[in-house]
Every structure is written in structure tokens, then in C-alpha cells.
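One structure is given below, encoded as C-alpha cells.
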Amino acid sequence: MANDHQKKITFNHNDYEIVQRELLYEGVFRLVRYHLRIRQYNGEFSKIFTREVLERSSAAAVLPYDPYLDQVVLIEQFRPAALSDPTSPWTTEIVAGVIETDETPEGVAVREAREEAGCDIQALYHIVDFFPSPSCITEFLYLFCGKIAAGNVGGIHGLANENENIRAYALPADEAFEKVRAGYIKTPPAIIALQWLQLNRHLLQALWIDQIEKK
């Protein structure tokens, strides 16, 4: 018969012990090595083991969406960590940025939409929050869909002092959904946001268009 520990389905901060934390590198990100042990599903603590973790700030991402034109805005930019991609290290993404001190996720979504895509966010709808890669990165991502007017969106954007060279473009939502289905889009926030929109765009159209018509 299973004991109480085997029946337990979740753990908390009482179920691990950090024996040592080593700072290996500090720059834009921090690379640290943890020596720790954790409680196992049989109730016993494991032996001490090590894990390297990339510590970086939380971020916010937003999929700009025009409910009238049924269009989304995507961006494309060079990513050094995608150099191994057999096609190209220029990735298709949605707008995103790091949350600085005293900023809110919503504020970052609005700021980054303007900086990276030239979009003015008129309203935000919260989709989900998640860890993009909890096996090795501390980053926590807040994901939104943002109401925009996509009629004049496009061109090259980004901050020159950060060496950003970002192409933004609008396209029909159905075309973006097909890019996900075909495997053309390979970045998790974009995949999650677009699949969410595919399931919920009628909700957004009803919500955002009705808001205008009622004014």
C-alpha cells in the first residue's frame, strides 16, 4: 500500500535543500551552480547533486492583434542561440522584453510593442504565465494578447543602442496559424499565443469590437 509520501502529488519549498550556490559567471545573465538535494517521491531525500542554472529576469510578451482586420503582427530578428538552426538564425517571434525594476508586465508589453513593432496597444488580454525552460533558466514569462490597429504596421524597429534590427509585419491570423502548423514558427511564446488566439479570437472580437461600438 502506498505511503503518504507516495500519495503526495506536489512538493514545496520545504522539500529541497541548497547545500551550496556557486557564481560561475555574471554579465547580462548570471550562471550559477547549485549543489542541492531534493525529497523524492518515496519520501526520502536524494543524494547531493549539482545543476547549472542561467539566472535572468522575468519578461513579458504580447501578440498584437487587430480584431477588425483579423490580423496579427509578428517580428523577425537575429538570435545567436539559434545558430544551429539548419535554415536560419533569424527567428519569427512575438514582441517581448525584460521586466525592469518598478515595471509591471503590462507596462513592458505596451513599451516593447512600440519599440519592436511600432504598435500602440489599446487593450491587453492576459493569456497565461509560465516558465519557458525551467530545466535550466529562471526566466518567468507573462503572456498577453494586445489590441492594435494593424493598418500601418510594418518596417524595421528596435533600439540602436541595443543593436536591435527587428522587422515587423502584419499578416492574416489564419496565415499565422498555418505557419505554426507547418513548423515555420519555432519560438514557444509565439506558438502558445497563436494557438491560444486560434481558439479564442471570436471571444476577443466580441469583447474588443463591442467595447468600441458601445462608446
Side-chain angles (χ1 to χ4, degrees), residues 28-29 54 56-100 105-122 124-125 127-133 137 139-201 204:
V28 177
F29 311 124
L54 186 66
R56 61 171 299 173
S57 301
S58 295
V62 58
L63 171 64
Y65 174 62
D66 186 327
Y68 289 94
L69 299 180
D70 194 28
Q71 292 184 354
V72 299
V73 173
L74 300 179
I75 60 174
E76 181 183 84
Q77 61 183 316
F78 172 78
R79 292 300 200 187
L83 287 170
S84 61
D85 187 281
T87 303
S88 173
W90 274 259
T91 59
T92 299
E93 308 175 7
I94 60 173
V95 168
V98 171
I99 302 172
E100 304 291 350
E106 293 82 1
V108 172
V110 171
R111 171 173 57 80
E112 290 293 333
R114 189 173 295 115
E115 290 180 3
E116 295 189 346
C119 294
D120 289 319
I121 299 292
Q122 302 168 8
L124 283 173
Y125 193 98
I127 297 176
V128 70
D129 307 325
F130 63 99
F131 289 100
S133 185
I137 302 176
E139 179 186 37
F140 189 72
L141 186 70
Y142 300 85
L143 185 60
F144 302 92
C145 189
K147 179 186 176 185
I148 61 155
N152 297 315
V153 173
I156 308 303
H157 302 274
L159 299 179
N161 65 324
E162 295 183 7
N163 296 303
E164 292 181 330
N165 188 247
I166 302 169
R167 182 173 76 95
Y169 59 98
L171 72 165
D174 284 331
E175 187 175 331
F177 302 153
E178 176 58 24
K179 285 180 178 290
V180 173
R181 190 203 65 77
Y184 179 81
I185 297 177
K186 303 173 184 178
T187 50
I191 293 171
I192 293 169
L194 286 168
Q195 290 186 330
W196 179 90
L197 181 63
Q198 189 171 16
L199 294 172
N200 295 280
R201 63 175 157 172
L204 289 184

On a heavy-atom basis, which atom in [X] and which in [Y] lie closest, and how many Å separate them?
X    : Y    : result
V73  : L63  : O-CD1, 4.0 Å
P64  : V95  : CG-CG2, 4.4 Å
I75  : I94  : CD1-O, 3.7 Å
E139 : A59  : OE2-CB, 3.5 Å
E76  : W90  : CG-CB, 4.2 Å
C145 : L197 : SG-CD1, 4.4 Å

Under 4.5 Å between any side-chain heavy atoms of [X] and [Y], yes or no?
X    : Y    : value
V98  : R56  : yes
S57  : I99  : no
Y65  : D70  : yes
E116 : E93  : no
I148 : I121 : yes
F130 : L143 : yes
L159 : E115 : yes

Check: Among side-chain atoms of Q77 and E164, is any donor-acceptor pair under 3.5 angstrom?
Finding: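 Q77 vs E164: no donor-acceptor pair found between side chains.
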Next item on the list: Name the orientation class of the two ring planes belonging to W196 and Y125 (parallel below 30°, tilted from 30 to 60°, perpendicular beyond 60°).
Entry: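 Rings of W196 and Y125: tilted, 30 to 60°.
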Say you draw a straight line from [atom1] of [X] to [atom2] of [Y]; how long is it, rounded to the nearest 0.5 Å?
X    : Y    : atom1 : atom2 : value
L124 : Y142 : CG    : OH    : 14.5 Å
T187 : L194 : OG1   : CG    : 8.5 Å
Y184 : I191 : OH    : CD1   : 13.0 Å

Next item on the list: Mind running side-chain contact (heavy atoms from CB on, under 4.5 Å) on I185 and L74 for me, showing each step along the way?
Entry: CA-CA 10 Å; I185 297 177; L74 300 179; 4.1 Å; yes
Check: How would you list all residue pairs meeting side-chain hydrogen bond (donor to acceptor under 3.5 Å, both in side chains) that involve residues 169-183, not counting sequence neighbours?
Finding: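 Residue pairs with at least one partner in residues 169-183: D174-R201, E178-R181.
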Note to self: Checking side-chain hydrogen bond (donor to acceptor under 3.5 Å, both in side chains) between K186 and each of T92, T91, D85, which is the one that passes?
What the structure shows: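 The option that passes is D85.
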